[in-house]
Structures are given as structure tokens and as C-alpha cells.
Asker: 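My questions will all concern the structure given below.
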Amino acid sequence: MQIAVQEALKGMRANHGGPFGAVITKNGKIVAQAHNMVVKTNDPTAHAEITAIRAATKKFKRFDLSDCEIHSSCEPCPMCFAAIHWAKMRKLYFACTRKDAANIGFDDKFIYDVILGKAKRKQVSIEKIDRTNSMKPFQEWQKKQNKTRY
């Protein structure tokens, strides 16, 4: 966790993004470490956990990190929490809480409320369109013989 915190400080001090860091380990050894890069990259998805996951998958040349663990300096946001699941990691350690993050201006309560259907306002208007024509890729995927499941 100390290295995740050092990453958070490093990124924040370099004005790369918010004060968040993450480390991915395998068998107790660090395989990737990263910090928030949202400001540096102009990428709203470049959170510390996502950046660390990208580095680990690039290193291993695989998308399955089920043999790895992640240490995050703060409780992951919904996007990062989902990415940890998509990477199939089995253990998450975090230090600061989402309430701690909210107290310094990084409040993701609205996103949680949207997910839970409790939001009082809408930021994104959602409309389902053209399902019939859009089913073609799904139909082909279902028949595809050499697909890689993930």
C-alpha cells in the first residue's frame, strides 16, 4: 500500500491528475504500479486502477489477471471497481474510503445513485434505438466458432 500512496503523491505533485495510486501484485511481487493520469492524458478513464490494469495486461499480454491482486490508495470508483471485476482479480485492498475522496472533491455518490436508480436528476439522457439492425454482430458472435470468451 505504501507504493500505491507514493504513486498517488507522485501523480498529484506532477499535476497528472487526482491523488490516487494503485499497485498490482502477483505472488507478492509488483507487476504494475500507476497513478491517476486523467489531466495529463485528457482521458477521463485514466484512473490509477485502470492505468495499472492496462500496464499489467500489456506486460502479461493477456486480459485475465485472476492470479493478481490490486492495492488502491482509495476505494475504487464504480468504473474502476467494474474494471477490477472484468480483469477477474480476486483480491482488492484499499486504504482511504469514497467518503474521504468526497471530502476533497472527488464525489462519485451521484454515479452510485444512478446505478441504484436513486438519482434525482439525470446527467445523461438514455434512449434505446435500432435494436433490430444492431443485433447482427450479436448473432454472428453467437455462431462464431473461434471466439475468445472473457
Asker: Does atom NZ of Lys91 have more than 12 heavy-atom neighbours, drawn from other residues, nucleotides or ligands, at distances under 6.0 Å?
Answerer: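 Incorrect, the count does not exceed 12.
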Asker: Show me, pair by pair, the donor-acceptor contacts under 3.5 angstrom made by side chains of residues 115-140, not counting sequence neighbours?
Answerer:
unit_1: Asp130; atom_1: OD1; unit_2: Asn133; atom_2: ND2; d: 2.9
unit_1: Ser134; atom_1: OG; unit_2: Asp130; atom_2: O; d: 2.8

Asker: Is it the case that over 12 heavy atoms from other parts of the model lie below 6.0 angstrom from the CZ atom of Arg62?
Answerer: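 More than 12 heavy atoms, drawn from other residues, nucleotides or ligands, come within 6.0 Å of this atom.
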Asker: Would the distance check show the side chain of Ser73 and the main-chain N or O of Gly21 forming a donor-acceptor pair, the cut-off being under 3.5 Å?
Answerer: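 Here the side-chain-to-backbone pair exists.
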Asker: Any side-chain heavy atom of His71 sitting closer than 4.5 Å to one from Thr25?
Answerer: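 Yes, side chains in contact.
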Asker: Can you give me the closest heavy-atom contact between Val31 and Ala56, atom names plus distance?
Answerer: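 Looking at all heavy atoms of both residues, the closest pair is CG2-CB, 4.4 Å.
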Asker: CZ of Phe81: more than 12 outside heavy atoms within 6.0 angstrom?
Answerer: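 No, not enclosed.
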Asker: Using modelled atom types only, decide if a donor and an acceptor are shared between the side chain of Lys147 and the backbone of Trp141 within a distance under 3.5 Å.
Answerer: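 Yes, Lys147 side chain to Trp141 backbone: donor-acceptor pair under 3.5 Å.
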Asker: Would you call the rings of His16 and His35 parallel, tilted or perpendicular if under 30° counts as parallel and over 60° as perpendicular?
Answerer: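 Parallel, since the angle between the ring planes stays under 30°.
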Asker: Under a single-linkage definition using a 4.5 Å side-chain heavy-atom cutoff for Ile, Leu, Val, Met, Phe, Trp and Tyr, are Met37 and Val39 assigned to the same hydrophobic cluster?
Answerer: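 Met37 does not cluster with Val39.
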Asker: Do Glu69 and Ile24 have side chains that approach each other closer than 4.5 Å (heavy atoms only, starting at C-beta)?
Answerer: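 Result no, sub-4.5 Å side-chain heavy-atom pair not found.
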Asker: Do you reckon Met89 sits in the same ILVMFWY cluster as Phe60, going by side-chain contacts under 4.5 Å, direct or chained?
Answerer: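 Yes, because Met89 and Phe60 connect within a single hydrophobic cluster, where side-chain heavy atoms sit under 4.5 Å apart.
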Asker: Is any side-chain heavy atom of Met79 closer than 4.5 Å to one of Ile50?
Answerer: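 Contact flag for Ile50/Met79 side chains = yes.
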Asker: Testing Cys77, Pro19, Cys96 for side-chain contact (heavy atoms from CB on, under 4.5 Å) with Phe106, which one passes?
Answerer: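 Result: among Cys77, Pro19, Cys96, Pro19 is the only option passing the side-chain contact (heavy atoms from CB on, under 4.5 Å) with Phe106.
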Asker: Could you check Ile70, Val5, Ile3 and say which one makes a side-chain contact (heavy atoms from CB on, under 4.5 Å) with Val23?
Answerer: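 That would be Ile3; it is the only one of Ile70, Val5, Ile3 passing the side-chain contact (heavy atoms from CB on, under 4.5 Å) with Val23.
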Asker: Say whether Glu75 and Thr97, considering side chains only, have a donor N or O and an acceptor N or O under 3.5 Å apart.
Answerer: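 No, Thr97 and Glu75 have no side-chain donor paired with an acceptor closer than 3.5 Å.
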